[in-house]
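The structure under discussion appears below in the form of structure tokens.
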Amino acid sequence: MPALTSGPRQAELRRTPAGVVLQFGQVDGPVYLERPLADLLTCSAGRPWQVDALQADGWWISRRPGEHRAGCRTGPIAVEVRLTFDDGDRLELEVRWRNTSRRRLAELAVGLLLDLGRVKDSRLTMPGLIYNDNPSADPARAVPRVGHTPGGGFVAEEDRLPIPGVNLEWRDGRERRWLSLFSRPQARRSGDGQVRYGSLGVLRQEGPVIAALSGVLMFDGKQDVRYVSKAETETTDDGYLTLRPGEVHTQQLVLDWGRQELRGHAFRHLVRTARSLFTTPGAAGLPLAELVERKTVALDNRWYRAGTVAGHTKFSEIPGNGPRKPRDFLYGWTGQALKLAWCDAQLGFARRDRLRIDRCRAAVEFYLAGSPTPTPGLRHNAYQVTARRWTSFRAGNRPMISSRAYGETIADVADIILLFRQYDEPVPPSWLDALREAVSYLRGAQLPDGTFPVGWRLDGSPASTTVSSAGVPCVLAALKAAEVLDDAALLSDATIWLSRYHDQHARTFDRPFARSTLDAACEDKEAGMYYFMAAYELFRRTGDPLYADWCEVAADWLLTWVYVWSPEQDEDSPLHAAGFNAVGWPSVSVQNHHLDVFFPTYELLAFGLAADRPEYVAAARTTMQAVSQGIAAHAGDWNFPLPGEQGEAVFQTHWQRRGHTNTWNPSWVIAVPLANALRIGSLRAD
């Protein structure tokens with residue numbers, strides 16, 4: 001009976017004198033893996049679990065058209081492996097572990113260890129968790145890593161992975177190859193309603209070993225350690241499997257592989273394959289108009305004015321919303337004060353509400369009048385209302401103007417000017433002067449490599465020379481300012497600036513997008529998000545297909561952070577009671593394993609429409625619907641005293657409080673989804 005073939009691929013289980021061998025690769029082409037099946041399976045009893053190869057006895061094999069099966073015994077457990085190809089030429093691999101004894105077997109760890117041996121120039125992606133082993137992550141913090149020496153490894157619960165799969169890219173001679181292993185997660189619910197999943201990860205032996213296990217965990221090469229909060233781990237006795245007599249544990253796995261043209265870009269296959277493997281729809285969500293109405297209530301609650309002091313506060317003043325917080329305006333990052341002002345004006349123009357337009361104008365005037373530092377063109381990031389003083393972030397116990405927050409804010413100023421012009425609303429010359437001053441500063445504020453630092457001291461000097469993507473919002477600000485000022489030279493400069501970030505991050509992903517989330521120091525979604533937004537702005541302005549390519553690569557990287565499936569929750573959890581659906585929700589960073597609403601939903605949708613990429617349009621719409629879950633409709637909903645509020649974090653896994661949301665609600669949780677909804681609404685109207 002010949003090997004199984006499907007399209008360009010072949011696979012087989014074959015009997016040899018040493019036992020049964022698994023082989024797969026290309027038809028009439030290279031073999032990607034050929035190993036004894038026993039070496040690729042593991043069955044451990046007792047704690048801590050071990051990764052020893054299977055001690056197999058009594059192999060049998062069955063080869064029929066379209067299906068190969070093989071099995072053996074290992075002590076009291078019978079193992080069966082079944083191979084078939086699906087309609088997409090992917091290899092479906094089912095592994096069944098059955099207790100053949102008359103006694104209960106506990107503390108088991110079973111699974112597949114996909115060992116390709118020593119590989120060269122490898123790149124590893126575990127969605128939301130590990131990107132090329134997280135080279136930008138602070139080495140002093142506990143962050144998921146596999147490491148580069150034998151004995152390392154990281155294994156996490158399946159529900160931590162937005163796409164439950166692992167992708168490995170490597171070089172073999174002159175050819176680059178990639179391999180993805182996906183799991184089809186199956187919840188195991190205990191009698192008390194608690195849910196457990198299998199686990200996925202990578203072990204470092206002679207080379208990287210992709211592990212699909214029954215639930216046991218590893219952190220930094222140590223078994224039974226779980227990552228539970230920012231840079232925090234704890235030991236756990238969770239994850240072990242118990243099989244009653246006759247009970248079967250089944251793993252449904254999918255293997256996908258092929259040749260890779262561009263070094264470092266194989267993660268894109270995870271996204272493409274996931275679209276067809278995981279088809280569960282997302283939540284119906286709120287109609288766009290209802291989302292806008294709820295968020296507008298919260299927006300209005302953030303407005304504050306006393307004389308010339310005017311703006312939208314970072315936190316709500318309504319009693320009952322957690323600990324009392326100082327009243328302040330934060331411009332960019334978690335404050336988004338001027339994005340809220342843009343939302344106010346957009347609502348004002350749409351509804352002919354002069355009060356809202358005037359509120360926006362007052363907020364911009366207050367910011368531009370009071371925020372300058374001693375360095376022309378550089379502005380503070382925050383205003384402390386109670387203390388009546390302008391401040392910024394701090395680094396090394398000294399003030400620092402965050403480049404990420406400053407870039408966002410200048411981009412918001414440009415957006416407000418464009419909005420005013422769209423509706424023939426007068427724009428003060430001082431606003432245009434402020435834009436010119438800001439971009440003049442940015443032209444001379446770069447590091448020697450041509451990128452922007454994480455931030456600047458008040459004298460304009462870099463606060464750090466750390467390689468990062470934090471300053472990409474400054475490029476976005478320059479691109480928007482170039483349109484406002486009709487400045488072709490500035491557009492050219494900003495294009496060069498973005499190309500430097502492209503070379504640093506997106507050309508090979510040796511160093512993926514990182515360090516844009518200011519409370520973390522690692523690879524994070526928001527770093528790639530601003531690169532995508534800047535690339536989209538360039539594509540929108542020029543129509544150049546090169547920038548469409550940059551957008552597509554960045555969009556696929558962003559979509560590795562977005563859930564394509566919905567983990568079940570414990571029966572006693574609020575998320576279970578609410579019928580929460582994770583499909584479409586973005587996760588945050590390799591340090592912060594929760595969900596939030598920070599995502600370029602509008603830009604992804606607009607790019608998908610402009611470039612005729614319906615998969616991006618669908619992804620954007622799914623996310624827009626998904627993140628409307630958790631918005632309070634009435635006082636008391638989701639533990640908020642005011643409609644429209646929403647928690648910053650959703651805890652879908654064992655990182656902080658699984659099955660819960662928090663009530664920490666800085667104003668970006670209003671600004672980002674509201675701005676996206678208003679822009680999408682305008683797009684539909686056009």
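Computed from a prediction, not measured in an experiment: that's the story for all the values here. This chain uses plain numbering: 1 for the first residue, then up along the sequence.
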All heavy atoms of His148 vs all of Arg204, minimum pair found to be CA-NE, 3.9 Å
Backbone N or O of Ser589 within a donor-acceptor pair of the Asn592 side chain at under 3.5 Å? no
Check whether any side-chain N or O of Arg275 sits under 3.5 Å from a backbone N or O of Glu615 as a donor-acceptor pair, and report yes or no. no
Assess the side chains of Gln260 and Trp170: does a donor N or O sit below 3.5 Å from an acceptor N or O? no
State, to 0.1 Å, how close Ala156 and Leu129 come at their nearest heavy-atom pair, and which atoms those are. CB-CD1, 4.0 Å
Under a 4.0 Å threshold between the charged nitrogen and the carboxylate oxygen, would Arg98 count as salt-bridged to Glu80? no
Between Thr623 and Ala620, is there a donor-acceptor pair closer than 3.5 Å when you use the side chain of the first and the backbone of the second? no
About how many Å separate OG1 of Thr236 and CD of Glu157, when rounded to the nearest 0.5 Å? 8.0 Å
To the nearest 0.5 Å, how far apart are CG in Asp570 and CZ in Arg196? 8.0 Å
Would one find more than 12 heavy atoms of other residues, nucleotides or ligands at under 6.0 Å from atom CG of Asp192? yes
Only one of Leu112, Thr42, Leu200, Val51 forms a side-chain contact (heavy atoms from CB on, under 4.5 Å) with Leu213, so which one is it? Thr42
Just by distance, do the side chain of Thr250 and the backbone of Arg96 share a donor-acceptor pair under 3.5 Å? no
Can you confirm whether Val110 sits close enough to Val79 that some side-chain heavy atom of one is under 4.5 Å from a side-chain heavy atom of the other? no
Tell me the closest heavy-atom pair linking Leu113 and Ala211, and the distance in Å. CD2-CB, 3.9 Å
Under 6.0 Å between the ring centres of His594 and Trp655? yes
More than 12 heavy atoms from other groups under 6.0 Å of CD on Gln55: no
Tell me whether the rings of Phe219 and Tyr227 are parallel (<30°), tilted (30 to 60°) or perpendicular (>60°). parallel
Approximate separation, where rounding is to 0.5 Å, of Leu241 CG and Glu247 CD: 7.5 Å
Establish, yes or no, whether a centroid distance under 6.0 Å links the rings of Tyr131 and Trp561. yes
Between the main-chain N or O of Thr273 and the side-chain N or O of Ser276, is there a donor-acceptor pair closer than 3.5 Å? yes
With no hydrogens and no angle check, is any side-chain donor or acceptor of Asp115 less than 3.5 Å from a backbone partner on Gly117? yes
Mind running side chain to side chain contact (heavy atoms under 4.5 Å, CB included) on Glu94 and Arg69 for me, showing each step along the way? CA-CA 9 Å; Glu94 181 183 84; Arg69 292 188 301 140; over 6 Å; no
Side chain to side chain donor-acceptor pair (under 3.5 Å), that's the test. Do Thr5 and Gln10 meet it? Break it down for me. CA-CA 4 Å; Thr5 62; Gln10 67 82 26; over 6 Å; no
To the nearest 0.5 angstrom, please state how far the CG atom of Leu41 sits from the CG atom of Asp52. 13.0 Å
Stepwise, does the side chain to side chain contact (heavy atoms under 4.5 Å, CB included) test hold for Arg226 with Arg160? CA-CA 11 Å; Arg226 170 183 282 152; Arg160 282 186 198 250; 3.4 Å; yes
Using atom types as modelled and distance alone, determine if a side-chain donor or acceptor of Ser566 lies under 3.5 Å from a backbone N or O of Ala582. yes
Is the CZ atom of Arg118 crowded by more than 12 outside heavy atoms at less than 6.0 Å? no
Do Trp565 and Tyr197 have their ring centres less than 6.0 Å from each other? yes
When you measure from the side chain of Gln629 to the backbone of Asn581, do you find a donor-acceptor pair of N or O atoms at a distance under 3.5 Å? yes
Can you name the nearest heavy-atom pair linking Ser44 to Gln50, along with the distance? OG-N, 3.1 Å
Any ion pair linking Asp138 and Lys230 (charged N to carboxylate O, less than 4.0 Å)? no
Go through Gln251 and Trp97 one step at a time and tell me if the side chain to side chain contact (heavy atoms under 4.5 Å, CB included) criterion holds. CA-CA 9 Å; Gln251 293 178 279; Trp97 306 84; 3.1 Å; yes
Arg177 charged N/C atom sitting above Tyr32 aromatic ring, 6.0 Å / 45°: yes
Donor + acceptor pair across side chains of Ser516, Asp524 (<3.5 Å): no
Relative to Trp257, does Arg9 satisfy both conditions: NZ or CZ under 6.0 angstrom from the six-membered ring centre, and within 45 degrees of the ring's axis? yes
salt_bridge(Glu169, Arg268) N-O dist < 4.0 Å: no
Using atom types as modelled and distance alone, determine if a side-chain donor or acceptor of Arg515 lies under 3.5 Å from a backbone N or O of Ser136. yes
Check step by step if side chain to side chain contact (heavy atoms under 4.5 Å, CB included) holds for Arg63 and Leu13. CA-CA 8 Å; Arg63 292 163 55 108; Leu13 292 171; 5.5 Å; no
So, the side chain of Asn99 versus the backbone of Arg244: is there a donor-acceptor pair under 3.5 Å, distance only? yes
Taking Trp585 as the fixed residue, which of Phe599, Tyr563, Phe651, Phe580 is the one that meets the ring pair (Phe, Tyr, Trp, His ring centres under 6.0 Å) rule? Phe580
Just how far is it from atom CD of Glu523 to atom CG of Asn134, taken to the nearest 0.5 Å? 4.5 Å
Taking 4.0 angstrom as the limit, do Asp224 and Arg47 come out as a salt bridge? no
Nearest non-hydrogen partners of Val216 and Ser199, listed with the distance: O-OG, 2.8 Å
List the atom of Ala619, the atom of Leu604, and the distance in Å for their closest heavy-atom pair. CB-CD2, 4.2 Å
